[in-house]
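These numbers come from the heavy atoms of this one structure, side chains and all, not from hydrogens, waters or symmetry mates.
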Amino acid sequence: MQSSGELPPGPHERDGLAISFWTHVRPDPDREVTFADCASMLVDLHAAMRTYPGDLPVLAPAANDIARGLDALDGADDLIDADEAASLRGAVDEMWPLFERPPGDLQPLHGDVHPGNMVTSGRTTLEP
């Protein structure tokens, strides 16, 4: 897909939802996307994302998952005892500053790469 030539690509916000506009590309029914396709394109995608000019949250979904996972362990005495749960919470507390402000250079990454996120068109370029 490519961004729309009729409207600015966005993202635009409407009623609290982020919206972007794209030109429809007819899928190629004879081509199935594989995980190998995803992996081979990921390097190029991340290179393109490196130039993203805006600010993005850092590890927000992962950090949220950690807290939800620890909360799910509360009362799960058959899985983990209270001392182990306390040890895990202590480790998370110690590492939390790294989640909030990781050291080094950061760049956006695509966090949900799978064949369902791709459309094959049979075209080799995104030009109309």
Side-chain angles (χ1 to χ4, degrees):
M1 289 194 190
Q2 74 178 47
S3 59
S4 170
E6 294 82 30
L7 298 167
H12 305 276
E13 188 174 328
R14 176 68 183 210
D15 297 330
L17 300 172
I19 302 168
S20 58
F21 295 97
W22 298 85
T23 298
H24 179 264
V25 175
R26 188 175 308 278
D28 179 352
D30 298 324
R31 174 79 164 80
E32 184 173 326
V33 180
T34 66
F35 283 102
D37 294 324
C38 296
S40 69
M41 294 181 184
L42 194 56
V43 172
D44 293 336
L45 175 60
H46 284 169
M49 292 173 72
R50 199 170 292 128
T51 63
Y52 179 76
D55 292 327
L56 295 171
V58 177
L59 295 176
N64 293 339
D65 287 346
I66 292 168
R68 282 194 296 269
L70 289 173
D71 289 345
L73 290 175
D74 288 343
D77 298 330
D78 56 328
L79 297 176
I80 186 170
D81 67 38
D83 290 338
E84 292 170 320
S87 178
L88 282 175
R89 287 186 188 282
V92 169
D93 289 343
E94 184 178 324
M95 294 172 49
W96 199 258
L98 293 175
F99 295 136
E100 292 183 319
R101 293 197 176 271
D105 294 332
L106 301 178
Q107 80 157 70
L109 298 176
H110 192 292
D112 193 21
V113 178
H114 60 83
N117 276 344
M118 297 177 74
V119 175
T120 58
S121 68
R123 294 165 55 181
T124 59
T125 178
L126 293 179
E127 299 303 317

Could you check if a side-chain atom of [X] sits within less than 4.5 angstrom of a side-chain atom of [Y], using non-hydrogen atoms only?
{"X": "Pro103", "Y": "Leu98", "value": "yes"}
{"X": "Leu70", "Y": "Ile66", "value": "yes"}
{"X": "Asp74", "Y": "Arg89", "value": "yes"}
{"X": "Leu109", "Y": "His46", "value": "yes"}

Backbone of [Y] reached by a side-chain donor or acceptor of [X] within 3.5 Å:
{"X": "Arg50", "Y": "Gln107", "value": "no"}
{"X": "Asp15", "Y": "Leu17", "value": "no"}
{"X": "Asn117", "Y": "Asp112", "value": "yes"}
{"X": "His114", "Y": "Phe35", "value": "no"}

TODO: Would you mind listing the cluster partners of Val113? Hydrophobic ones only (ILVMFWY), side-chain contacts under 4.5 Å, chaining allowed.
DONE: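 Cluster partners of Val113: Leu42, Leu45, Met49.
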Task: Heavy-atom closest contact (Arg31 atom, Thr120 atom, distance) - done: O-OG1, 3.2 Å
Open item on the list: If you compare all heavy atoms of Asp30 against all heavy atoms of Asp28, which two are closest, and at what distance to 0.1 Å?
Closed with: N-OD1, 2.9 Å
TODO: State plainly whether one hydrophobic cluster holds both Met95 and Leu73, where clusters connect Ile, Leu, Val, Met, Phe, Trp and Tyr through side-chain heavy atoms under 4.5 angstrom apart.
DONE: yes
- [ ] Could you tell me whether Asp71 and Arg68 have a side-chain N and a carboxylate O separated by less than 4.0 Å?
- [x] no
Task: Any residue meeting ring pair (Phe, Tyr, Trp, His ring centres under 6.0 Å) with His12, in chain and number order, not counting sequence neighbours - done: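 Checked His12 against ring pair (Phe, Tyr, Trp, His ring centres under 6.0 Å); matches are Phe21.
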TODO: Using side-chain contact (heavy atoms from CB on, under 4.5 Å) as the criterion, list what pairs up with Met118, not counting sequence neighbours.
DONE: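 Residues passing side-chain contact (heavy atoms from CB on, under 4.5 Å) with Met118: Val33, Cys38, Met41.
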